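It should be emphasised that the depicted structure is a prediction, and the values quoted were computed from it without experimental measurement. Note on naming: letters A, B, ... go to the chains in the order of the sequence lines (proteins, then strands), and numbering restarts at 1 for each one.
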There are 2 protein chains.
Amino acid sequence: MSQTPPPPLHLTAGRHTRPERTEGDLQHCLLCDRSRGGLCNGIDRDGLEALAHSSRRLILPPGSTMVEEGQSAESFFNITRGTVKLFKSLPDGRRQITGFADPGQFLGLSRSGLYAFGAETVDTVHACRFQRPQFEALLNDQPDLKRNLLAAVTDKLAEAQEQMLLLGRKTAREKVASFLLGRAQAEQTMLGDTPPDPTPVAPVPMTRVDIADYLGLTIETVSRTISALRREKLIASTENHSIRILLPEALRQIATGQTAI
Amino acid sequence: MSQTPPPPLHLTAGRHTRPERTEGDLQHCLLCDRSRGGLCNGIDRDGLEALAHSSRRLILPPGSTMVEEGQSAESFFNITRGTVKLFKSLPDGRRQITGFADPGQFLGLSRSGLYAFGAETVDTVHACRFQRPQFEALLNDQPDLKRNLLAAVTDKLAEAQEQMLLLGRKTAREKVASFLLGRAQAEQTMLGDTPPDPTPVAPVPMTRVDIADYLGLTIETVSRTISALRREKLIASTENHSIRILLPEALRQIATGQTAI
DNA sequence: GGAGTGTTTTGACATAAATCAATAACGGGG
DNA sequence: CCCCGTTATTGATTTATGTCAAAACACTCC
């Protein structure tokens, strides 16, 4: 809703740095995030203290279960480092990853009191956990927190709608192009206001299985499609689970279906 | 978020009736809804007065554009009668319907100030329109409204995740079965606390094109699949754009992929 | 550093759903 | 009530993506 949210209240002086380099601040379970979606924008010192005191830091190895579908929704999490996958499953094991939560994102909201989805860490994840009753209390005491959360959920809903368009109407090629651009965008958002890279890098810490389950494809199709894009010199693999986007504009054309091939 | 929301505040005495039969009350742009998602739960008389005075009733013929993707988000709507389709499109015209808004549902939230989706009436729709600034003000004055809205958006997000599972991982048959059950559920929710029908009716005011765009299929596949279900006596067409579910449990098995055929 | 396990890539083939095409049913206006 | 445009159904065929299979690659742990 908030069309013009108040400027973010920075806990550290000056320009924000990458999450990895703010370890000290993370002790208070920093909820501030320079990007859209920061939950603590406009919250006063006392409020931030209250937030800090109702949360506990967690460090989770890759493949940890954070949330199980159907279980009682006891916790609300804010991710400060690493990537979490959220998913829904069918009884026979088919799985749809509904999104990846990167640093600055939250997870754990529930209407019914039961989690409607599962969540598992992709890599090593640092997160802050709030117990539900305490978080509800904070929400009532801090109108700005409630408002920021509403804005953040509204954002997630828009993202979900975009993903529905992808799942229902895009080809494999368009899906993969969209995914890579989305990952590069997430990285850009996390980096903060740095100059835009003409050949941005998409961090891909997840396996082909996860990508396939996110795009509604099989691992073979994902692999083949990435290979094709590489062969066409639109992208290039870099070290440690990243893909460099050599021609972002061309990829964007593909992602939005504006290309014949 | 609200695990145990306050009981709904009924504007009419006694048990709620169908939206169609509460024309008188709708003059105040009734935001109350007996089902989950009611926006005015717990709001006091003064608050309801304020809500009523900031909204205008609209009656829209079928096929009216309520919201255009990319346009400035000036209004927030609450549907009181009829069905609205929300969708996203690709430049070449491919379209994904991301949801249908039935009576009691809202639409028009935006984070960026621009609508991220389009919305068009399916049949004749009665809605209440709030101007954005006034609605924002109401939101700030009425903590319960903000909380209810957060709960409602959280609900929509869960729905979106369910739809992503459908779009990414279900077969045509499973998609159509899920759709019919969802429609029947929506009708049940709208009817309020009436005894559950052993052969519920799914209202289907939308065309095959809309169903196809909602399920990520073509109209031919939708038609063939409905025909097959009818041939198998799992469903039966009734009068005026409705489908009766003859074997809800069997259909549920199909919808969740728990059937070999 | 090499065995061993898991992941990714590539290839050959199968199939669910799309596309193309024709007919049938519906529904609103004269 | 019947015509005519729209929408839905059914059929024949194609195709994008899935499935099955095998090879290549990349870690990890002795």
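Remark: A:Asp102 pairs with A:Arg183 by the salt bridge (charged side-chain N to carboxylate O under 4.0 Å, His left out) rule, at least two apart or across chains. Listed by chain and residue number, A:Glu232 satisfy the side-chain hydrogen bond (donor to acceptor under 3.5 Å, both in side chains) test with A:Arg173 (two or more places apart in sequence, or in another chain). Here B:Glu69 pairs with B:Lys88 under the salt bridge (charged side-chain N to carboxylate O under 4.0 Å, His left out) rule; sequence neighbours left out.
Between B:Tyr214 and B:Phe100, the gap from one ring centroid to the other is short of 6.0 Å.
Between A:Asp123 and A:Lys85 there is no salt bridge, since none of the side-chain N atoms of the basic residue sits less than 4.0 Å from a carboxylate O of the acidic one.
The aromatic rings of B:Phe106 and B:Phe76 sit parallel, their planes meeting at an angle under 30°, below the 60° perpendicular limit.
A straight line from CD of B:Glu174 to C1' of C:dA17 spans 14 Å, rounded to a whole angstrom.
With hydrogens and angles disregarded, no donor-acceptor distance shorter than 3.5 Å links the side chain of B:Thr121 to the backbone of B:Val125.
Rounded to 10 degrees, the angle between the two end axes of the helix from C:dG1-D:dC30 to C:dG30-D:dC1 is 50°, with five pairs used at each end.
Between A:Met206 and A:Ile211, the closest heavy-atom pair is CG-CG1, 3.7 Å.
At a cut-off of 3.5 Å, with distance as the only test, no side-chain donor of B:Arg111 or A:Thr154 sits close to an acceptor on the other residue. A donor-acceptor pair shorter than 3.5 Å can be found between the side chains of A:Ser237 and A:Arg230.
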- Note on the structure: Whether each nucleotide of nucleotides 14-19 of chain D has a protein heavy atom under 4.0 Å at its base (B), only at its sugar-phosphate (S) or at neither (-) is summarised, 5' to 3', as ---SSB
Give me the distances for all protein-to-nucleotides 5-8 of chain D N/O pairs that come in under 3.5 Å?
from, atom 1, to, atom 2, distance (Å)
D:dA8, OP1, B:Arg208, N, 3.2
D:dA8, OP2, B:Arg208, N, 3.1

